[in-house]
Amino acid sequence: QQNRARQLKMADLPAVTQDGRCIEIGANIGTAQEAPAAFSQGAEGIGLFRTEMLFMDRDKAPDEQEQFEAYQQVLMNAGNHPVIFRTMDIGGDKKISYLNIPQEENPFLGYRAVRIYPEFTELFTLQLRAILRAATTGYARLMIPMVHTLDEILWVKQQIASAQLSLKAEGLRYAETLELGIMVEVPSVCFIIDHFCDEVDFFSIGSNDITQYLYAVDRNNQRVAHLYNPITPSFLRMLRQIIDVAHRRERWVGLCGELGGEPRYLPLLIGLGLDELSMSGARIPAIKELARKLSAEECVALANRACECKSANDIEALLDTQAIPAE
Ligand code: PEP
Ligand code: MG
């Protein structure tokens, strides 16, 4: 209780390590209403706005104006801080009755997110228009979920350009430039990060999904839950590869899965070189406080050792030897 009160009081301080490395700390939100609480808990931006929530549990899609207002509200709450709008991650297991997408046997490997946009172009365009219009209010960034090929992002860029043209023709105000990023949540992307660097401005690692796809372990299946562990040598090496390649090209890399809010693994994530961690707002004060007690240099050494471990248990044992600063 006392710790929590102290952490909250200090939540506006940045997450700067003892040796001066600053890690941006963002919040994950699902609705515009969650933004004020996130900022009062010390968020320095919205690292993931799950916009699909606006499309769920209703009988028709929100129109452009409704979306525009929700997006604008978050940008207003954010002030100068960045807001990453993830375009709708729907289909697959996130059922939207009015889209009439047939039931699938393997929804997580199915028709989902960016894969459905070409069929539902009108819906996607409407969302892009709402985001482009809202983006005149603050610092908006656009992020596409489940991208796997370069063609997908090239197609998205064409859609953005044509949404901008239509807004221009209608004399509406909109953002002429918008940073574009992808979620890294399909493992094949890791091998072509350099190609994506030619097309996008930033990356955010979706640890929830990339974990299940990397190991072929369903993130919601209790019977294989013991295999769903993002802290393995293969996972850490994958993160290192993504971050190193992106950094060589001066691209920003965040992480927005649940892993980002786990204090035990914070030294590893800092050590691997992530620029940002985005998590649920409630986790922010404690994570920021812990980051301020760490040394980035020691975190790098720790991450390097963890990547050489032969098993998840060895990594855990290594972490146990660390004097994690007390709360
Ligand atoms: C992820 O996959 O890690 C992620 C943040 O996206 P979601 O949990 O919404 O699929
Ligand atoms: Mg995901």
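Please read these numbers as outputs of a predicted model, since none were measured by experiment. Indexing begins at 1, ligand by ligand and atom by atom, following the structure's order.
At a 4.0 Å heavy-atom cut-off, the residues surrounding ligand 1 are Leu48, Arg50, Arg86, Asp89, Lys94, Arg112, Met183, Glu185, Gly206, Ser207, Asn208, Asp209, Arg219, Cys256, Gly257, listed by chain and number.
One distance of note links OG of Ser162 with NZ of Lys157; it measures 14.0 Å at 0.5 Å rounding. One distance of note links NZ of Lys94 with CD1 of Ile101; it measures 12.5 Å at 0.5 Å rounding.
Classification of the Phe120-Tyr111 ring pair by plane angle, with boundaries at 30° and 60°, yields tilted. Note: Phe49 and Tyr71 have perpendicular aromatic rings, judged against thresholds of 30 and 60 degrees for the angle between ring planes. Note on ring orientation: taking the six-membered ring where Trp is involved, the planes of Tyr215 and Phe235 are tilted (angle from 30° to 60°).
Taking all atoms of both residues into account, the shortest heavy-atom contact from Arg292 to Ala15 is CG-CA, 4.3 Å. Counting all heavy atoms, side chain and backbone alike, Ile315 lies closest to Cys309 at CG1-CB, 3.6 Å.
Looking at Arg21 and Glu297, no side-chain N of the basic residue comes within less than 4.0 Å of a carboxylate O on the acidic one, giving no salt bridge.
The closest side-chain donor-acceptor pair between Glu69 and Gln65 falls under 3.5 angstrom.
Protein N/O/S atoms found under 2.8 Å from the Mg ion (ligand 2): Glu185 OE1, Asp209 OD2.
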